[in-house]
Amino acid sequence: MSERVPVLQIGQVLLVSIQTDLDDQAVMLLQDDLAARVVNTGAHGVVIDITAVEIVDSFVGRMLATIASISRLLDARTVVVGMRPAVAITLVELGLSLGGVRTALTLEKGLQVLNREISSTPPAAS
Amino acid sequence: MAGGSTTERLVRLLSVSGEDLASGWVAEVSSSLGGRVSRVEVERELRELYTSLLAALEQGSLDAHAEGFSEVRALLSELSRTRARQGFTPTETAVSVFALKAVLEPVLAGDSTSGDIEAYLALSRLLDALGLFTVEAYTRSREELISAQSEQLLELSTPVVKLWDGVIGVPLVGTLDSARTMVVMEKMLQALIDTGSEQAIIDITGVPAVDTQVAQHLLKTVVAARLMGAECTISGIRPPIAQTIVALGIDFGDIATKATLADALRHALKRSGVSLSATATATATGTGKGR
């Protein structure tokens with residue numbers, strides 16, 4: 001049984017902080033959990049914090065893109081924060097540019113981005 | 001034993017008229033070096049070499065790679081390294097060894113028995129081997145020098161500077177290849193984290209030519225910065241470079257490009273919400289896509 005990654009709620013935003021290197025099973029669990037939580041809480045934003053992640057492969061790269069797509073369908077924006085230089089270089093070398101995913105340097109800046117986007121589109125966010 | 005008698009003969013020859021031979025050697029070598037090394041220096045080096053060569057011959061061996069010649073080899077390595085650093089050619093380095101042959105010739109020509117000729121030929125072979133060793137040592141130290149310099153160049157030529165709070169600049173000078181781009185990329189991304197910057201400006205004023213490969217490297221760097229949540233602007237595109245880029249059909253997509261570093265800085269400041277009092281056009285929303 002793999003560890004579950006906790007999904008925390010802060011106001012209208014869900015925070016996922018990945019603390020270990022994920023295996024495939026954990027990634028699938030996280031996708032299920034997150035989709036359910038977005039629907040249950042009606043969150044408008046998802047922040048994925050990967051500060052602690054040191055190694056990525058193409059599967060984890062795709063996971064980030066998939067989570068972003070799922071969240072967008074459910075009317076929540078995704079921001080990936082705290083990516084390390086080595087991780088960014090690996091993803092570029094793998095040819096994954098995470099087109100539809102917003103990124104930010106730190107958790108704080110990621111939350112600012114989300115708040116700005118949510119508040120800039122209040123009529124559509126009902 | 002023939003080998004033993006040959007070395008004995010050589011030792012006798014070299015030690016009897018040792019003073020004359022050594023000073024003849026020094027004169028020969030310092031004239032060939034054209035005064036770029038002081039005579040005192042040459043004299044010190046060669047006397048040392050002469051003494052250790054004699055000592056090695058006294059042990060009865062004529063093989064340049066034998067145990068007895070380790071001190072001679074060490075001295076020659078040292079000599080080659082100094083010559084390589086001072087910018088002498090391989091010939092000028094090896095001549096230090098070969099000159100000893102020329103000095104010995106007149107001594108043997110005077111009263112030569114067949115034994116002396118045999119001894120001279122043996123010594124000649126030994127000196128050839130030592131000369132080759134010198135050239136090898138010379139080449140080795142040259143290569144070390146070159147690789148050390150290219151490493152230094154790599155480090156020197158890729159500074160990352162802070163232009164403003166939240167804005168860093170990377171002025172690129174010289175040709176971009178894969179190895180350099182990796183260094184630039186790593187340094188820039190690390191600097192983004194260290195300074196907490198969300199804007200980076202890559203200035204390519206000093207890059208002599210942009211081909212598809214260089215463009216590819218630039219794009220990779222920009223995408224990597226984006227993944228970390230920072231925006232890149234490419235500046236310093238000179239007119240000929242702009243023409244080349246268009247002619248090659250390279251697409252920079254939605255990456256902001258500016259002609260000068262000043263324009264890029266203004267653009268970056270605008271995006272990070274800094275307002276300049278002179279223009280008063282910047283707004284805090286930062287949603288605009290530049291000009």
Side-chain angles (χ1 to χ4, degrees), chain A residues 18 45-58 60-65 67-68 77-122 124, chain B residues 158 160 162 164-168 170 178-200 202 213-232 251-255 268 271-274 283-289:
Chain A
I18 300 175
V46 175
V47 178
I48 304 175
D49 174 27
I50 56 169
T51 313
V53 176
E54 287 181 24
I55 300 164
V56 290
D57 53 16
S58 55
V60 173
R62 228 179 46 233
M63 173 269 285
L64 294 173
I67 288 180
R77 324 267 167 133
T78 305
V79 180
V80 174
V81 302
M83 190 182 291
R84 288 166 180 249
V87 172
I89 292 173
T90 312
L91 286 179
V92 171
E93 293 297 335
L94 287 172
L96 293 167
S97 59
L98 302 186
V101 184
R102 297 294 306 266
T103 50
L105 277 183
T106 60
L107 181 57
E108 191 184 355
K109 283 175 176 161
L111 287 174
Q112 277 171 12
V113 168
L114 273 182
N115 286 333
R116 208 154 58 209
E117 289 202 353
I118 292 170
S119 61
S120 68
T121 54
Chain B
T158 50
V160 178
K162 184 176 173 181
W164 205 273
D165 267 343
V167 183
I168 58 169
V170 187
S178 309
R180 259 198 86 195
T181 323
M182 278 313 280
V183 175
V184 171
M185 203 195 268
E186 280 167 17
K187 272 191 150 186
M188 193 186 87
L189 298 184
Q190 193 56 48
L192 286 175
I193 290 199
D194 293 345
T195 60
S197 303
E198 283 186 314
Q199 298 289 335
I202 302 176
Q213 208 187 353
V214 172
Q216 183 71 20
H217 289 320
L218 283 175
L219 288 177
K220 273 188 185 174
T221 311
V222 173
V223 172
R226 254 186 207 172
L227 281 176
M228 290 177 52
E231 274 302 314
C232 268
D251 185 14
F252 275 124
D254 55 350
I255 297 165
R271 276 211 225 165
S272 55
V274 177
T283 54
T285 56
T287 48
K289 196 76 194 93

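The sequence lines fix the lettering, A, B, ..., with proteins before strands; numbering per chain opens at 1.
- Remark: A:Q112 CD is packed, more than 12 non-hydrogen atoms of other residues, nucleotides or ligands lying under 6.0 Å away.
- For chain B, no part of A:R102 is nearby; none of its heavy atoms comes within less than 4.5 Å.
- For the set B:A224, B:A230, B:A225, the count of heavy-atom pairs under 4.5 angstrom toward chain A peaks at B:A224.
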For this session: Could you walk me through whether A:L98 and A:M83 pass side-chain contact (heavy atoms from CB on, under 4.5 Å), step by step?
Result: CA-CA 12 Å; A:L98 302 186; A:M83 190 182 291; 4.3 Å; yes
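- In this structure, no portion of A:L64 lies under 4.5 Å from any heavy atom of chain B.
- For a residue to count as touching a neighbouring chain, one of its non-hydrogen atoms must lie under 4.5 Å from one of that chain's; by this rule A:T106 does not touch chain B.
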For this session: Carefully, step by step, assess A:V81 and A:K109 under the rule side-chain contact (heavy atoms from CB on, under 4.5 Å).
Result: CA-CA 8 Å; A:V81 302; A:K109 283 175 176 161; over 6 Å; no
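- Of the two parts of B:T221, neither the backbone nor the side chain holds a non-hydrogen atom closer than 4.5 Å to a non-hydrogen atom of chain A.
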Exercise. Is there a side-chain contact (heavy atoms from CB on, under 4.5 Å) between A:L114 and A:R77 once you walk through the steps?
Worked result: CA-CA 7 Å; A:L114 273 182; A:R77 324 267 167 133; 3.6 Å; yes
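- Neither the backbone nor the side chain of B:M188 has a heavy atom closer than 4.5 Å to any heavy atom of chain A.
- For the atom pair CD of A:E93 and NZ of B:K220, the computed distance is 4.0 Å after rounding to the nearest 0.5 Å.
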